[in-house]
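Here's the structure we're looking at; comments come further down.
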Amino acid sequence: MFQRSSGIEARVENMELTYQVVNDYVEAVRQLACHVLDLLGEGLGLRDPTSLTRLITATDNDSLIRINHYPPSCAAAAGDHKSGGGPAPTAAIGFGEHTDPQILSVLRANDADGLQLLLPDAAAAGDSVWVPVPPDPSAFFVNVGDLLQALTNGRLVSIRHRVVAGTGKPRLSTIYFAAPPLHARISALPETVAAGAPRRYRAFTWAEYKRTMYTLRLSHNRLDLFHAGDGDGDAGVGDDDDHE
Ligand SMILES: O=C(O)CCC(=O)C(=O)O
Ligand SMILES: [Fe+2]
């Protein structure tokens with residue numbers, strides 16, 4: 001009985017420690033995300049370079065952290081064997097292709113490879129060229145999300161990526177997704193709109209975007225449903241008071 005309760009106490013202590021470590025990590029990556037957004041705001045020539053950061057520091061921000069674990073793939077090994085070449089095209093996918101929906105993602109992973117990016121220019125030309133991101137546990141991988149693409153009127157691009165599970169080491173990744181409050185209105189910043197660069201997307205709230213996203217497949221190009229001038233369409237999104 002005594003042993004059992006001390007076991008529980010140890011577990012509670014462990015949980016508290018884990019909670020503390022995760023909280024400290026979240027605070028550190030949140031600050032990093034703010035720093036990156038401030039620099040981007042400056043680089044974009046925003047009148048208020050902190051306006052992007054303020055979206056993710058609001059007390060009711062919707063940011064989250066995700067921890068992914070990809071065990072080595074037996075399917076990839078089988079694919080290698082059968083084709084004598086690369087992994088089986090579908091069976092070895094650890095995380096299907098997608099863009100991150102939020103503002104900014106800050107990823108840290110162990111030294112196992114697997115993350116790949118789709119080259120946007122090749123994709124626009126109809127080719128699928130996947131570029132591996134070299135694993136580096138001492139580095140952060142910072143990714144522009146869909147909302148940042150909309151806020152910058154397409155000047156910053158939310159890159160399509162995926163994870164292919166290899167046959168070697170398990171991959172472990174931790175990603176902080178910096179997001180605004182649900183009610184935040186996402187609309188191209190005025191400095192990114194010009195006669196030669198008309199507003200690409202209509203205004204929407206993060207809540208509307210999330211609602212739409214949950215009706216779609218992971219790989220769907222969701223921003224396509226928010227193009228300016230498309231009306232309400234069947235995307236089921238509201239506010240279109242920013243139409244041009
Ligand atoms: O695990 C990774 O390396 C990337 C995962 C990812 O893209 C995501 O969780 O959105
Ligand atoms: Fe992602």
Side-chain angles (χ1 to χ4, degrees), residues 21-22 25-26 28-30 32-33 36-37 40 52 55-56 61-76 86-120 122-123 128-152 154 156-180 182 186 206 209-226:
V21 167
V22 172
Y25 182 77
V26 166
V29 281
R30 191 187 68 84
L32 176 62
V36 172
L37 288 175
L40 289 174
L52 291 170
L55 281 169
I56 67 161
N61 74 81
D62 191 38
S63 305
L64 65 103
I65 190 143
R66 181 152 69 215
I67 299 173
N68 295 320
H69 174 243
Y70 308 90
S73 164
C74 310
T90 49
I93 296 296
F95 204 124
E97 66 175 271
H98 65 284
T99 55
D100 291 343
Q102 295 86 355
I103 292 183
L104 202 75
S105 314
V106 181
L107 177 147
R108 186 118 191 234
N110 66 348
D111 58 349
D113 57 16
L115 180 61
Q116 300 182 341
L117 309 180
L118 184 65
L119 278 192
S128 287
V129 181
W130 289 98
V131 180
V133 176
D136 182 351
S138 67
F140 288 102
F141 173 78
V142 178
N143 207 13
V144 168
D146 296 348
L147 296 190
L148 191 51
Q149 177 167 333
L151 286 161
T152 61
L156 300 177
V157 178
S158 176
I159 292 281
R160 195 162 271 269
H161 53 283
R162 68 179 184 186
V163 177
V164 176
T167 52
K169 298 193 163 148
R171 176 176 171 85
L172 195 65
S173 64
T174 306
I175 307 120
Y176 176 70
F177 298 94
L182 286 170
I186 306 299
W206 171 226
Y209 197 76
K210 275 180 93 172
R211 255 201 320 274
T212 303
M213 184 175 93
Y214 290 138
T215 67
L216 302 169
R217 294 174 71 91
L218 176 68
S219 62
H220 203 106
N221 194 340
R222 313 160 197 125
L223 270 181
D224 274 356
L225 299 174
F226 292 83

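Heads up: numbering here begins at 1 and tracks the sequence. Remember, it's 1-based here, ligands and their atoms both numbered in the order they're listed. Both backbone and side-chain heavy atoms feed into the values below; hydrogens, waters and symmetry mates do not.
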Quick one, Phe226 and Thr212 - any side-chain contact, counting heavy atoms below 4.5 Å? yes

Which atoms of ligand 1 are found less than 4.0 Å from any heavy atom of Arg66? 8 (C), 9 (O), 10 (O)

Atoms of ligand 1 less than 4.0 Å from Ile175 heavy atoms? 5 (C), 8 (C), 9 (O)

If you have a sec, work out which protein heavy atom is nearest atom 3 (O) of ligand 1 and how many Å separate them, to one decimal? Arg171 NH2, 2.7 Å

For Phe177, does its backbone N or O pair with a side-chain atom of Arg66 as donor and acceptor, under 3.5 Å? no

In Å, rounded to the nearest 0.5 Å, how long is the span from CD of Gln102 to CG of Leu55? 13.0 Å

Given the Fe ion (ligand 2) as the apex, I'd like the angle to NE2 of His98 and NE2 of His161, rounded to 10 degrees. 90°

Any side-chain heavy-atom pair of Arg171 and Asn110 under 4.5 Å: yes

Atoms of ligand 1 less than 4.0 Å from Asp100 heavy atoms? 10 (O)

His161 heavy atoms, cut-off 4.0 Å: which ligand 1 atoms fall inside? 7 (O)

Before giving the answer on side chain to side chain contact (heavy atoms under 4.5 Å, CB included), spell out for Ile186 and Leu151 the whole-Å C-alpha distance, their side-chain angles and the decisive distance to 0.1 Å. CA-CA 6 Å; Ile186 306 299; Leu151 286 161; 3.9 Å; yes

Where ligand 1 meets His98 - atom numbers and elements under 4.0 angstrom, heavy-atom basis: 6 (C), 7 (O), 8 (C), 10 (O)

Heavy atoms of Ser158 and Asp100 approach each other most closely as OG-O, 3.6 Å

Counting heavy atoms only, name the option from Phe95, Tyr70, Phe141 that's nearest to atom 1 (O) of ligand 1. Tyr70

Which of the atoms of ligand 1 are close to Val163, meaning less than 4.0 Å from one of its heavy atoms? 1 (O), 2 (C), 3 (O), 4 (C)

Test side chain to side chain contact (heavy atoms under 4.5 Å, CB included) applied to Lys210 and Asp62, step by step: CA-CA 11 Å; Lys210 275 180 93 172; Asp62 191 38; 2.7 Å; yes

Counting from 1, what ligand 1 atoms have a heavy atom of Phe177 closer than 4.0 Å? 8 (C), 9 (O), 10 (O)

Which label fits His98 and Phe95: parallel for a plane angle under 30°, tilted from 30 to 60°, or perpendicular past 60°? tilted

With heavy atoms of Ser173 as the reference, note each atom of ligand 1 found under 4.0 Å away. 1 (O), 2 (C), 3 (O)

Among the N, O or S atoms that Asp100 has, which is closest to the Fe ion (ligand 2)? OD1

